[in-house]
Amino acid sequence: MEGSGRSSERYETGLVSRDDTPYVLITNGWGPGFDSHTVSWEGTSFTVESMSGAAGSMGQPASYPTVFCGRYSVMEVPDCGLPAPSGSITSLRTGWRWAKNGNEGEYNAAYDIWMGNGTRLQGYLMVWLRDPPSYQPAGQPNPAHQGVTVANVPGTWNIWNGMVNGLPIVNWVRAEGNDSYEIEFDVMDFVRDAQTRGLSVPGDQVNAVAVGFEIWEGPITNLKSLDFYVDVN
């Protein structure tokens, strides 16, 4: 792990690395109900030391502190292997560990996978490892795809799909109360799962893979992302 820092800025950006692969950390207090936070990081691990805020009037999270690989919301980023054409990817392995440290409130723990043409975002895939009590993914629960499994991926998922920001989104969501604190998978298995179910998102490239906590309501204290990696082959 390399690259460390600590900030209370709403939109601080930090360049970090894990095993010589570069990533970007963003504190990302983007929601209209954001109040304040302090985030510290070392490599791809980070801690939401404190956070206060509330959901926006349209249900937006107050913040989404995030680490990512690829072309995401910060456009000038180092080359970590993404974006990459889906057809050229043999595997896109990723893993994440996190710890709630007593935080039982209104936040998720989620992958955010941006699909597009390498520069332009065309759709979202999200993998929720935690479903909070009062807030849900964008779109609607798909009644044909509840309690499903994804090839080569542990656990069962409820799929929500629809539109967000005018773009299609597919969400795979752990059932509420069944948080998953550690996972490894091939991102392409979720891409193929969406295609098999007729829920595919436009875009022939994987633009970025991100992890973090969408936080709708504070207070949050000492919420930790322990480790995250992306390995593009």
Side-chain angles (χ1 to χ4, degrees), residues 1 3-17 22-78 80 96-114 121 124-138 164-167 169 171 173 179 207-228 230:
M1 298 283 198
S4 61
R6 183 173 184 265
S7 178
S8 298
E9 294 294 324
R10 186 171 185 176
Y11 293 114
E12 186 69 45
T13 298
L15 298 179
V16 299
S17 67
Y23 299 80
V24 178
L25 176 287
I26 51 177
T27 57
N28 204 22
W30 70 270
F34 174 81
D35 182 18
S36 66
H37 63 193
T38 299
V39 180
S40 57
W41 62 91
E42 181 174 359
T44 62
S45 68
F46 68 89
T47 302
V48 183
E49 296 182 10
S50 62
M51 183 274 174
S52 62
S57 61
M58 301 297 290
Q60 307 98 317
S63 67
Y64 182 44
T66 308
V67 175
F68 67 88
C69 159
R71 188 170 293 279
Y72 195 59
S73 56
V74 179
M75 298 304 290
E76 297 300 324
V77 294
C80 67
W96 187 27
R97 289 189 297 116
W98 65 281
K100 66 180 182 180
N101 288 335
N103 291 282
E104 301 289 352
E106 301 295 352
Y107 69 93
N108 70 9
Y111 273 87
D112 191 16
I113 300 159
W114 281 20
L121 171 65
Y124 309 87
L125 307 177
M126 293 194 76
V127 180
W128 287 37
L129 304 187
R130 181 180 194 267
D131 184 17
S134 302
Y135 295 91
Q136 304 298 340
V164 63
N165 299 324
L167 298 174
I169 185 170
N171 308 272
V173 185
D179 301 353
N207 285 7
V209 176
V211 295
F213 306 108
E214 289 185 303
I215 304 172
W216 281 266
E217 297 177 10
I220 294 290
T221 304
N222 202 33
L223 180 62
K224 289 182 176 288
S225 175
L226 299 171
D227 193 11
F228 167 61
V230 175

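Model, not experiment: these values are computed from the prediction.
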**Report entry** Glu49 CD to Arg6 CZ distance, which is reported to the nearest 0.5 Å
**Finding:** 4.0 Å

Query raised in the report: How far does OH of Tyr107 sit from OH of Tyr135, to the nearest 0.5 angstrom?
Result: 15.0 Å

Query - Pairs flagged by side chain to side chain donor-acceptor pair (under 3.5 Å) wherever residues 55-65 is involved - sequence neighbours left out - result: none

Query raised in the report: How long is the span from the CG atom in Asp179 to the CH2 atom in Trp98, to the nearest 0.5 Å?
Result: 5.0 Å

Query - Smallest separation among heavy atoms of Asn103 and Asn222, with atom names - result: ND2-C, 4.0 Å

Report task. Work out which heavy atom in Glu106 is nearest to a heavy atom in Pro133; give both atom names and the distance. Result -> OE1-CD, 3.4 Å

Report task. Using side-chain hydrogen bond (donor to acceptor under 3.5 Å, both in side chains) as the criterion, list what pairs up with Ser8, not counting sequence neighbours. Result -> Thr38

Query - Side-chain heavy-atom pair Tyr23, Val230 within 4.5 angstrom cut-off - result: yes

Query raised in the report: Can you check whether Val211 reaches Val209 side chain to side chain, under 4.5 Å on heavy atoms?
Result: no

Query raised in the report: Is there a donor-acceptor pair closer than 3.5 Å between any side-chain N or O of Arg97 and the backbone N or O of Asp227?
Result: no

Report summary line: Closest non-hydrogen contact found for Ala62 with Met51 is CB-CE, 3.4 Å

Query - Note, Ser134 side chain near Trp216 side chain (heavy atom, < 4.5 Å) - result: no

Report task. Quick one: do Ile26 and Ser73 satisfy side-chain contact (heavy atoms from CB on, under 4.5 Å)? Show the steps, please. Result -> CA-CA 9 Å; Ile26 51 177; Ser73 56; 3.4 Å; yes

Report summary line: Tested for ring pair (Phe, Tyr, Trp, His ring centres under 6.0 Å) against Phe213, the lone hit among Tyr111, Trp96, Trp128 is Trp96

Query raised in the report: Side chain of Asn108, backbone of Glu214: donor and acceptor closer than 3.5 Å?
Result: yes

Query - Residue pair Glu9 / His37: nearest heavy atoms and the distance that separates them - result: O-NE2, 2.9 Å

Requested in this report: Determine, step by step, whether Trp114 and Tyr124 satisfy the side-chain contact (heavy atoms from CB on, under 4.5 Å) criterion, reporting the C-alpha distance in whole Å, the side-chain angles of both residues, the deciding distance to 0.1 Å, and the verdict.
Outcome: CA-CA 5 Å; Trp114 281 20; Tyr124 309 87; 3.6 Å; yes

Query raised in the report: Given Val24 and Leu15, is the side-chain contact (heavy atoms from CB on, under 4.5 Å) satisfied, shown in steps?
Result: CA-CA 5 Å; Val24 178; Leu15 298 179; 3.9 Å; yes

**Report entry** Nearest-0.5 Å distance, NZ of residue Lys224 to OG of residue Ser40
**Finding:** 6.5 Å

Query raised in the report: Does the pair Phe228 and Thr66 meet the rule for a side-chain contact (heavy atoms from CB on, under 4.5 Å), with working shown?
Result: CA-CA 11 Å; Phe228 167 61; Thr66 308; over 6 Å; no

**Report entry** Minimum heavy-atom distance between Trp41 and Ser7, given as atom pair plus value
**Finding:** CZ3-N, 3.9 Å

Query raised in the report: Which value, rounded to the nearest 0.5 Å, describes the distance between Asn101 atom CG and Thr221 atom OG1?
Result: 10.0 Å

Query raised in the report: What's the shortest heavy-atom distance between Ala110 and Met126, and which atoms?
Result: CB-CE, 3.8 Å

Query raised in the report: What's the spacing between Thr44 OG1 and Leu226 CG if we round to 0.5 Å?
Result: 10.0 Å

